[in-house]
Trainee: 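My questions will all concern the structure given below.
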Amino acid sequence: MHLKRAFYIGRFQPFHKGHESVITSISKEVDELVIGIGSAQRSHEISNPFTAGERTMMIRHALEDADIQHYALPIDDLQQNAVWVSYVTSRTPPFDIVYSNNPLIIQLFEEAGVEVKQPPIYIRDKYSGTEIRRRMLENEEWHHLVPRAVADVIEEIGGVKRLKNVSGTDCME
Ligand code: ATP
Ligand code: MG
């Protein structure tokens with residue numbers, strides 16, 4: 001039997017309810033999901049506070065009760081768009097379809113002859129990594145924007161304190 005497998009990539013800094021909603025809609029259409037954790041090599045930066053391992057943990061716990069089998073894999077950046085699709089497919093289980101709203105990702109997969117679908121957008125101004133990191137830095141409420149399990153991981157690793165520290169400058173100068 002051939003299982004239909006989809007690919008979905010993001011930086012997941014952090015994994016939030018917008019991502020969760022996209023995955024819920026994908027899971028109605030395919031049997032398995034390959035999740036690429038993009039810019040995997042980045043961490044401890046204001047736009048990329050969490051490591052690939054921490055993001056793997058967020059996704060594993062957030063999707064514990066989801067009714068789709070998933071593989072979350074780190075994908076480091078490759079500064080060479082022309083060969084990016086073969087780079088990705090060399091590191092992932094085979095997939096039949098890509099879900100993305102990112103114009104570059106859509107362009108690259110379509111050029112390679114891979115089917116691409118655009119998932120529905122879920123209240124984008126609220127459910128966005130940028131907005132969640134801004135709230136963390138400004139001591140505004142953010143927990144309700146991420147799955148409970150993700151909030152627990154962020155607490156466990158001291159994520160908010162780290163984000164504040166890496167966004168600061170040397171106070172002795
Ligand atoms: P950042 O602001 O840090 O870029 P983000 O919210 O865009 O974070 P990404 O990890 O960049 O999160 O997103 C991965 C993919 O998920 C992107 O293609 C993005 O378009 C999509 N996505 C993000 N938020 C939503 C949402 N609320 N509804 C639907 N798709 C979303
Ligand atoms: Mg984004």
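Atoms within each ligand, like the ligands themselves, are counted from 1 in listed order. These numbers come from the heavy atoms of this one structure, side chains and all, not from hydrogens, waters or symmetry mates. Being a predicted model, the structure only gives us computed values, none of them experimental. Positions are given from 1 along the sequence.
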Trainee: Counting non-hydrogen protein atoms only, what is the nearest one to atom 8 (O) of ligand 1? Give residue, atom name and distance.
Mentor: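 Checked against all protein heavy atoms, atom 8 (O) of ligand 1 sits closest to Gly129 N, 3.3 Å.
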Trainee: Between Glu29 and Lys117 (salt bridge meaning N to carboxylate O under 4.0 Å), is one present in this structure?
Mentor: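 Judged by the 4.0 Å cut-off on N to carboxylate O distance, Glu29 and Lys117 do form a salt bridge.
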Trainee: Can you find an N or O of Gln13 that's nearer than 3.5 Å to an N or O of ligand 1?
Mentor: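 No; the residue has no nitrogen or oxygen that sits under 3.5 Å from a nitrogen or oxygen of the ligand.
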Trainee: For ligand 1, which is the ligand I care about here, please tell me if Ile123 has any N or O atom under 3.5 Å from one of the ligand's N or O atoms.
Mentor: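 Checking ligand 1 against Ile123, no N or O pair falls under 3.5 Å apart.
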Trainee: So, is Thr130 polar-close to ligand 1, with some N/O to N/O distance under 3.5 Å?
Mentor: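 N/O-N/O distance under 3.5 Å: yes.
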Trainee: Between Glu131 and ligand 1, which residue portion shows a heavy-atom distance shorter than 4.0 Å: side chain, backbone, both, or neither?
Mentor: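 For Glu131, there is no contact with ligand 1 at all, from either part.
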Trainee: Counting heavy atoms only, which part of Val22 comes closer than 4.0 Å to ligand 1: side chain, backbone, both or neither?
Mentor: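 Side chain only.
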Trainee: Any N or O on Asn102 sitting closer than 3.5 Å to an N or O of ligand 1?
Mentor: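 So ligand 1 has no N or O lying under 3.5 Å from an N or O of Asn102.
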Trainee: Answer yes or no: does an N/O atom from Ser47 fall short of 3.5 Å to an N/O atom of ligand 1?
Mentor: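 No: no nitrogen or oxygen of Ser47 is under 3.5 Å from one in ligand 1.
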Trainee: Just to be sure I read this right, does ligand 1 sit under 4.0 Å from the backbone of His19, its side chain, both, or neither, counting only heavy atoms?
Mentor: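 The part of His19 near ligand 1 is the side chain, not the backbone.
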Trainee: May I ask you to say whether Glu54 pairs ionically with Arg162, meaning some side-chain N is under 4.0 Å from a carboxylate O?
Mentor: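 Salt bridge flag = yes for Arg162 with Glu54.
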Trainee: What part of Ile105, side chain from CB on, backbone N/CA/C/O, both or neither, has a heavy atom under 4.0 Å from ligand 1?
Mentor: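 Neither; no heavy atom under 4.0 Å.
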Trainee: Consider every N or O of Ser100 and every N or O of ligand 1, then say whether any pair is closer than 3.5 Å.
Mentor: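 There is no such contact.
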Trainee: Specify side chain, backbone, both or neither for His16, according to which of its non-hydrogen atoms lie closer than 4.0 Å to ligand 1.
Mentor: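 Only the side chain of His16 comes within reach of ligand 1.
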Trainee: Before you tell me yes or no, could you show the steps for Val166 and Glu45 under side chain to side chain contact (heavy atoms under 4.5 Å, CB included), namely the whole-Å CA-CA distance, both residues' side-chain angles and the distance that decides it to 0.1 Å?
Mentor: CA-CA 6 Å; Val166 300; Glu45 298 172 347; 5.7 Å; no
